[in-house]
Amino acid sequence: MAVIVTVEIPGGTQEQYEETTRLLQAAEWFPPAGFIAHAAGPDGSGGWRIVDFWESEGDFHAFVEKARPIFDRGGVRTILPTVQEAVSVMVRPEPK
């Protein structure tokens, strides 16, 4: 079952996000198994919000375990994820 994962990073910055994303994308295992889509931006209260779509909650947790050293290196220590079932996930098709 696909899931929507919302991650709140209180006090997170765009600079932290961009550096962490650069490190993640450079990892030999990226993109991780089960990853579907990702969006991120300021949360409006001085932090950062990430919304991901994953094939399963287990795939998300496996990603977090692999990515933990990268999060630490990028200075991202506090994440508050919520996970909910996704009834439907649509992404724009690749152009033909």
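All values derive from a computational prediction rather than experimental measurement. Residue numbers start at 1 and run along the sequence shown.
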Fill in: Minimal non-hydrogen separation, Ala39 against Asp52, with atom names
N-OD1, 4.2 Å
Worksheet item: Taking all non-hydrogen atoms of both residues, which atom of Trp54 and which atom of Ala33 are closest, and how far apart?
Response: CZ3-O, 3.6 Å
Discussion item. Do Ile4 and Ile9 land in one hydrophobic cluster if side-chain heavy atoms of ILVMFWY residues count as linked below 4.5 Å?
Written reply: no
Item to complete: Decide yes or no on side chain to side chain contact (heavy atoms under 4.5 Å, CB included) for Val7 and Arg49, but give the supporting numbers first.
Response: CA-CA 6 Å; Val7 176; Arg49 178 177 294 126; over 6 Å; no
Item to complete: Identify the two heavy atoms, one from Glu8 and one from Pro10, that lie closest to each other, and give their separation to 0.1 Å.
Response: O-CD, 3.5 Å
Practice prompt. Quick one: pull up CE in Met1 and CD in Glu55 and give me the separation to the nearest 0.5 Å.
Written response: 11.5 Å
Fill in: Qualifying residue, where the test is side-chain contact (heavy atoms from CB on, under 4.5 Å) with Phe53 and the options are Val3, Val5, Ile36
Ile36
Item to complete: May I ask you to test the Gln14-Glu18 pair for a side-chain heavy-atom distance under 4.5 Å?
Response: yes
Worksheet item: Any side-chain heavy-atom pair from Thr20 and Phe71 closer than 4.5 angstrom?
Response: yes
Worksheet item: What about Val51 and Val89, same hydrophobic cluster or not, with Ile/Leu/Val/Met/Phe/Trp/Tyr joined at side-chain heavy-atom distances under 4.5 Å?
Response: yes
Item to complete: Return yes if a side-chain donor-acceptor contact under 3.5 Å exists between His61 and Glu65, otherwise no.
Response: no
Worksheet entry | Side chain proximity check, Phe60 to Phe35, heavy atoms < 4.5 angstrom | no
Fill in: Pairwise side-chain contact, Thr13 with Tyr17, heavy-atom cut-off 4.5 Å (strictly under)
no
Item to complete: Can you see which heavy atom on Leu24 is nearest to which on Phe30, and at what distance?
Response: O-CB, 3.2 Å
Discussion item. Using 0.5 Å steps for rounding, measure from the CD atom of Glu28 to the NZ atom of Lys66.
Written reply: 8.5 Å
Item to complete: To the nearest 0.5 angstrom, please state how far the CD1 atom of Ile70 sits from the CD atom of Gln25.
Response: 10.5 Å
